[in-house]
There are 2 protein chains.
Amino acid sequence: MSTVRGARERARIEVTAAIKDEARRMLAAEGAAKLSLRAVARELGMVSSALYRYFPSRDELLTALIIDAYDSIGAAAEQADARALDAGAAPRERWGAVCEAVRAWALDHPHEYALIYGSPVPGYSAPMDTVGPASRVGNTFINIVRAAHAGRGLALPPLPAVLRPEAVRMTADFAEGLPAEVTAALVAAWAQLIGLISFELFGQFNRVVEDRAAFFTHAADQLAHGVGLPAV
Amino acid sequence: MSTVRGARERARIEVTAAIKDEARRMLAAEGAAKLSLRAVARELGMVSSALYRYFPSRDELLTALIIDAYDSIGAAAEQADARALDAGAAPRERWGAVCEAVRAWALDHPHEYALIYGSPVPGYSAPMDTVGPASRVGNTFINIVRAAHAGRGLALPPLPAVLRPEAVRMTADFAEGLPAEVTAALVAAWAQLIGLISFELFGQFNRVVEDRAAFFTHAADQLAHGVGLPAV
DNA sequence: TTACTTCGAGAGCACCGCTCTTGTTTTGGG
DNA sequence: CCCAAAACAAGAGCGGTGCTCTCGAAGTAA
């Protein structure tokens, strides 16, 4: 299906990739606010208007970078889980490994992290294309909890009467087979994990938390406890 | 001390306030990215260069808005706690009331929330002036936990050996008299609370969480449990 | 070869943050 | 009271931005 038809299409693919690469370089270096189409075009030796043949607007370019960032952090999480699994880790250890991997990715790619988990900068709502890659990290956590649940090693967290099962509705393929209590606790833990990382990254822990790595490890483990993963 | 010296100073104060008000209006309407000095000046019937007599740069204006936003959300939290206290609420109920107030403020002021708890947009590090107002919400939670601790109604959360007491170092006036376990759990809970609100506000709960109010109430109560506040 | 599509380049529009200069107004001390 | 000093509004201008339009060159398909 990926038969390269001619020089034209091949060139288009290459130029598109070059634009994205240069844009990602600038994003990593200066942040999303400083990323300009004109600067990217200048660096690539083309004129700014030519760039619009490949991306219809600056926001579209940013969206492409957002998708790449989601894929990048998602891959980091999946690889960390796979490594832990290979090492015969228990669910709670896998949870910790993935948390650490997510934090490490965020510290390594602060501007890309801010792009996806900070304020949504381009216009407002995320396009449909982003939801797939965006859920890779979440799915990794779900797999871990599902494994624990299948192995009967999951302590059900309490669910108050006020929270109806429908309140936490998951996309069909991922709620499958998990009790509502677990999905609710899982989603909350996931949001809280990002809150911890965001606070550290955005400077809210300045003059408050000293040893941030140790603090994060502890907090992540508490989150694992909260979703019912038994201590090792 | 606030003796108004002359018409000149009075005018300066008024114009400065008018600029901030108009800027806040635009921030609330369109977001920080769309806020422009020229548009503010235009709306106020002055020329853009005149505005630089009052704010040396766009970032300085944004910083002023950030401080106001911190004060606004801080006041909302304090008032909610005061109301709960007047109603004779237990610490855990006060905690819930403040959480709800913070979330309500965020939903009412999404762009201002994004400005202070989303990606740090102006340059990078927050100036010193912001740390005072920024800690008002956190101090509210500290007061609640301190009250519970003084009343012997606080269950100490576990602190693993890996997390030394120095790891969570607080500014002197607010760690005072609280065990390290509690401060650590408190800071984590505070970060996690912001994570929950950010996920809801930034669209990460789309197609995932249905009844967000009930979900938040439940999660906030779990956080209260995590810091050791006893159930009512 | 011919008709069609795609592309790069350039000019241009409206907007932005910010600086500098030029008069005018207000202030405060001699 | 008057006058120098300070604060001010206004305008022009610089370099930058996102984006549009047109035009000629180059690749594609008949």
Side-chain angles (χ1 to χ4, degrees), chain A residues 3-20 22-27 29-66 111 115 120-124 127, chain B residues 3-20 22-27 29-66 111 115 120-124 127:
Chain A
T3 50
V4 180
R5 310 273 303 198
R8 180 131 257 173
E9 296 190 17
R10 188 164 18 218
R12 180 166 188 85
I13 294 175
E14 274 180 24
V15 174
T16 304
I19 292 172
K20 277 212 308 192
E22 183 58 37
R24 184 167 22 244
R25 257 203 56 249
M26 293 191 169
L27 171 64
E30 303 267 13
K34 302 278 186 171
L35 190 153
S36 86
L37 287 187
R38 291 182 112 109
V40 171
R42 208 178 303 129
E43 206 71 17
L44 263 54
M46 41 168 94
V47 90
S48 71
S49 61
L51 213 143
Y52 284 83
R53 300 272 178 200
Y54 300 91
F55 292 92
S57 75
R58 179 181 180 272
D59 280 5
E60 292 282 335
L61 214 195
L62 265 182
T63 300
L65 294 184
I66 288 176
H111 290 120
L115 196 60
V121 31
Y124 224 111
Chain B
T3 50
V4 178
R5 307 276 302 198
R8 179 130 257 173
E9 296 191 18
R10 187 160 23 215
R12 179 166 187 86
I13 293 175
E14 272 181 28
V15 174
T16 305
I19 292 172
K20 276 213 309 192
E22 183 58 37
R24 182 166 24 243
R25 257 202 57 248
M26 293 192 169
L27 170 64
E30 303 268 13
K34 302 277 185 171
L35 189 153
S36 84
L37 287 187
R38 291 182 112 109
V40 171
R42 207 179 304 128
E43 206 71 18
L44 263 54
M46 41 167 94
V47 90
S48 71
S49 60
L51 215 143
Y52 284 83
R53 300 266 175 203
Y54 301 90
F55 292 93
S57 76
R58 180 182 180 273
D59 280 4
E60 291 282 336
L61 215 194
L62 264 182
T63 300
L65 294 184
I66 288 176
H111 290 119
L115 195 60
V121 32
Y124 226 111

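The basis for the numbers below is simple: all heavy atoms, side chains too, and nothing from hydrogens, waters or symmetry mates. In the text below, chain A, chain B and the rest are named by the order of the sequence lines, each starting its count at 1.
For Ser57(A), the listed nucleotide lying nearest its side chain is dC19(D); candidates were dC19(D), dG18(D), dC15(C). Of the candidates dG27(D), dT19(C), dC19(D), the closest approach to any side-chain atom of Ser48(A) belongs to dC19(D). Taking the side chain of Arg42(A) as heavy atoms from C-beta on, and the options dG16(D), dG18(D), dT19(C), the nearest nucleotide is dG16(D).
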Trace of the side-chain contact (heavy atoms from CB on, under 4.5 Å) decision for Tyr54(B) with Lys20(B): CA-CA 10 Å; Tyr54(B) 301 90; Lys20(B) 276 213 309 192; over 6 Å; no
Is there a side-chain contact (heavy atoms from CB on, under 4.5 Å) between Leu51(B) and Leu44(B) once you walk through the steps? CA-CA 10 Å; Leu51(B) 215 143; Leu44(B) 263 54; 5.7 Å; no
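Note: OH (Tyr52(B)) to C1' (dG13(D)) measures 14 Å, nearest angstrom. The interatomic distance linking Phe55(B) (CZ) with dC18(C) (C1') rounds to 16 Å, in whole Å. Distance Glu9(B) CD to dA6(D) P: 16 Å, rounded to the nearest Å. Residue Arg38(A) contributes atom CZ, which lies 16 Å from atom P of dC16(C) at whole-angstrom precision. For the pair Leu44(B) CG and dA9(D) P, the interatomic distance rounds to 11 Å; values are reported in whole Å. When the P atom of dG8(C) is taken as reference, atom CE of Met46(A) falls 6 Å away, rounded to whole Å. Remark: C1' of dT26(C) and CZ of Arg12(B) are 14 Å apart, rounded to the nearest angstrom. Here the C1' atom of nucleotide dC16(C) and the CG atom of Leu51(B) are 14 Å apart, to the nearest Å.
In terms of position on DNA chain D, the residue among Pro56(A) and Ala39(A) whose nearest nucleotide sits closer to the 5' end is Ala39(A). Along DNA chain D, the nucleotide closest to Leu37(A) and the one closest to Arg53(A) are compared, and the more 5′ of them pairs with Leu37(A).
Close to dT28(D), at under 4.0 Å from its OP1 or OP2, lies no side-chain N or O of Arg8(A).
Ion pair Glu22(B)/Arg25(B) flagged as a salt bridge, since at least one NZ, NE, NH1 or NH2 atom sits closer than 4.0 Å to an Asp/Glu carboxylate oxygen.
Counting any heavy atom pair closer than 4.0 Å across all strands shown, Tyr54(A) reaches sugar-phosphate atoms only and no base atom. Backbone-only contact: Leu35(A) has heavy atoms under 4.0 Å from sugar-phosphate atoms and none from a base. Contacts of Ser49(B) with the nucleic acid, taken as non-hydrogen atoms under 4.0 Å apart, include base atoms.
Between the Arg58(B) side chain and the Leu35(B) main chain, a donor and an acceptor come within less than 3.5 Å of each other.
Inter-residue side-chain proximity for Met46(A) and Val15(A) is flagged as met; some heavy-atom pair is nearer than 4.5 Å.
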